[in-house]
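Since the structure comes first, as structure tokens, the remarks are kept for the end.
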2 protein chains.
Amino acid sequence: MADASFELDGQGPLYEQIRKAIARKITGREWRPGHRIPFENEMTAALGVSRMTVNRAINALVSDGLIVRRRKAGSFVAEQSTLDAPLTILTAEAEACANGATYRYELLSRSVSPAIRDAMTADRFGPGTSLVCIEARHMANGQPMMAERRWINLDVVPAAANEDFKTIAPGAWLLKHMPWSEAEHVISALAADGDLARHLEIASGAPCLRIERRTWIGDATITFVELNYPGDSKKLVGRFQPLTGGRGNEKRS
Amino acid sequence: MADASFELDGQGPLYEQIRKAIARKITGREWRPGHRIPFENEMTAALGVSRMTVNRAINALVSDGLIVRRRKAGSFVAEQSTLDAPLTILTAEAEACANGATYRYELLSRSVSPAIRDAMTADRFGPGTSLVCIEARHMANGQPMMAERRWINLDVVPAAANEDFKTIAPGAWLLKHMPWSEAEHVISALAADGDLARHLEIASGAPCLRIERRTWIGDATITFVELNYPGDSKKLVGRFQPLTGGRGNEKRS
DNA sequence: CAGTGGTCTAGACCACTGC
DNA sequence: CAGTGGTCTAGACCACTGT
């Protein structure tokens, strides 16, 4: 009913055209937050397409957060309260490469020890877990672009005990040798202390962007790593374009 | 062929069971990166389901980045080179609320002026654009949790000229009055300068996490905002769980 | 309890692409 | 040019839920 006057642009697959047509109604304020969009069978009839096609279009908008669906009630334009933007975290080498910079990896230290009773290791891996601790830094065009401190769980990845990580970065090595089933990221800003400042070659007390990543396989923590970037570098989190095509992503130094 | 010995767990929709079964093969290292997974018609036959169902399961894994598909060649386990984590950026009020904190909004300054030839405004909005500039801060439990500096394009949102923003935060106001079609986020760390440090009530030179957000409607920039958080606060970017269910997301102070 | 969305099927045609 | 995935259909049954 009402004006299901959709204007499909004839570009690309049908479900994409329908998705964009609905997104256009929303971003054009014709359908406000809370507004009930036409039922699936109404669109099906109005557009002369199968219900599966309409369903696919709307479901894409649901995962984009623009539509909320309720059985028996209908589908509604969501309140735009949050922004979900994809943050793509590349390996340091891939990031340097993407920026056209020359890349070099430097191992700073490597040691094996059990997780003691400190917050950094015991809480995350469990007391007594065998760990290898690695400090390294990644250079782009001869300048430090990132310094990392990492712990790897040897109970889960015993092969890491035989790797010296002198030529290959632990992150890249893990990606080749170990799958993960779950990852968590925490972002914060901090003042670089003596060690970190020296590794990044910035003034002590200078701001620094830290991404902490914890990776699991099943219930076991594979690795925990602090990725530290000089404060003047910027991370492009991502672009979200519900109208034109969905989610894009790039990266800047 | 080969071992398409899938073990569906009987939990939830068929396409979800199939998706999890494939994800299990991958995270369990049975199917390594580069490995060709069974063709759709093979799985269809092996599982006794419709091809659309298999297709839906695999497509979900494609958007999770675990599978790459090539016509005529087949579907392959992707190289796990990047991590895509969804970062949910709530309004300050929603974030405080989620942490069970009392929330208060404070307008610090408001002014109207055209975009001059400075990098902050003219580059983003175009020279001469009428802008309203707002400085404000958001308090959680009486402590500054975030200070923002924002420019709003009056050519696009003329109603903003009549709003004093004394009681409602500009972010919340915009969400109610203006849709966006595209958003971009940039994260960086910086040392708080005099003004910012005073607003956040932190020492001058203390680290600070900044999220810059630029929002578009069509080709026009609606607003550009700097969200500044004290460096000791942490942003939980999100959890990505390809095996169990997909993407989760929370937030910490 | 009627109507919505959620899922699933058994086909079909087509575009692209590797051989 | 044969085979893969990409898309689409016209049905169907069911779970949930608002009235």
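In what follows, chains are A, B, ... by sequence order, proteins preceding strands, each numbered from 1.
- A close approach under 4.0 Å does not occur between any side-chain nitrogen or oxygen of Arg70(A) and OP1 or OP2 of dT4(C).
- Across all strands shown, dC13(C) forms a Watson-Crick or G-U wobble pair with dG6(D), both key distances being under 3.5 Å.
- The CD1-C1' distance, from Ile67(A) to dG5(C), rounds to 13 Å in whole Å.
- Rounded to an integer number of Å, the gap from CZ of Arg69(B) to C1' of dG18(C) is 17 Å.
- Summarising the geometry, the separation between CD on Gln17(A) and P on dG6(D) is reported as 18 Å, rounded to the nearest angstrom.
- Across the protein-nucleic acid pair, Glu40(B) atom CD and dG6(D) atom P stand 7 Å apart, rounded to whole Å.
- Remark: aromatic rings of Phe165(B) and Trp173(B) are close, center separation under 6.0 Å.
- At the phosphate of dG11(C), neither OP1 nor OP2 sits under 4.0 Å from any side-chain N or O atom of Arg51(B).
- Residue Ser75(B) has no polar side-chain atom (N or O) positioned under 4.0 Å from OP1 or OP2 of dT4(D).
- Residue whose closest nucleotide on DNA chain D sits further toward the 5' end, between Gly48(A) and Asn59(B): Asn59(B).
- In this structure, of dT7(D), dT17(D), dG6(D), it is dT17(D) that holds the atom nearest to the side chain of Arg71(A).
- Residue Leu47(B) contributes atom CG, which lies 13 Å from atom P of dA10(C) at whole-angstrom precision.
- In this structure, dC1(D) forms a base pair with dG18(C), meeting either the Watson-Crick or the G-U wobble geometry with both donor-acceptor distances under 3.5 Å.
- Side-chain N/O atoms of Tyr15(A) include one lying less than 4.0 angstrom from OP1 or OP2 on dT7(D).
- Checked for salt-bridge contact, Arg51(A) and Glu40(A) meet the test: a charged N lies under 4.0 Å from a carboxylate O.
- In this pair, His138(B) and Tyr105(B) present their aromatic rings tilted. The plane angle is within the 30 to 60° band.
- Straight-line distance from the CG atom of Asn55(A) to the C1' atom of dT7(D): 15 Å, rounded to whole Å.
- For the pair Arg214(A) and Phe224(A), the NZ or CZ position fails the cation-pi test of under 6.0 Å to the six-membered ring centre and within 45 degrees of the ring normal.
- Comparing dT4(D), dG6(C), dT9(D) by their closest approach to the side chain of Asn41(B) singles out dT4(D).
- Atom P of nucleotide dT9(D) and atom CD1 of Ile18(A) are separated by 8 Å, given to the nearest angstrom.
- The cationic group of Arg36(A) does not satisfy the cation-pi geometry with Phe76(A), failing either the under 6.0 Å distance to the six-membered ring centre or the 45° limit from the ring axis.
- Ser50(A) has no side-chain polar atom (N or O) that falls below the 4.0 Å cut-off from OP1 or OP2 of dG11(D).
- With rounding to whole Å, Met52(B) atom CE is found 13 Å from dA10(D) atom P.
- Nucleic acid contact class of Leu14(B) (heavy atoms, under 4.0 Å, all strands): sugar-phosphate only.
- Taking for each of Lys72(A) and Thr53(A) the nucleotide of DNA chain D with the nearest heavy atom, the 5'-most of the two is the partner of Thr53(A).
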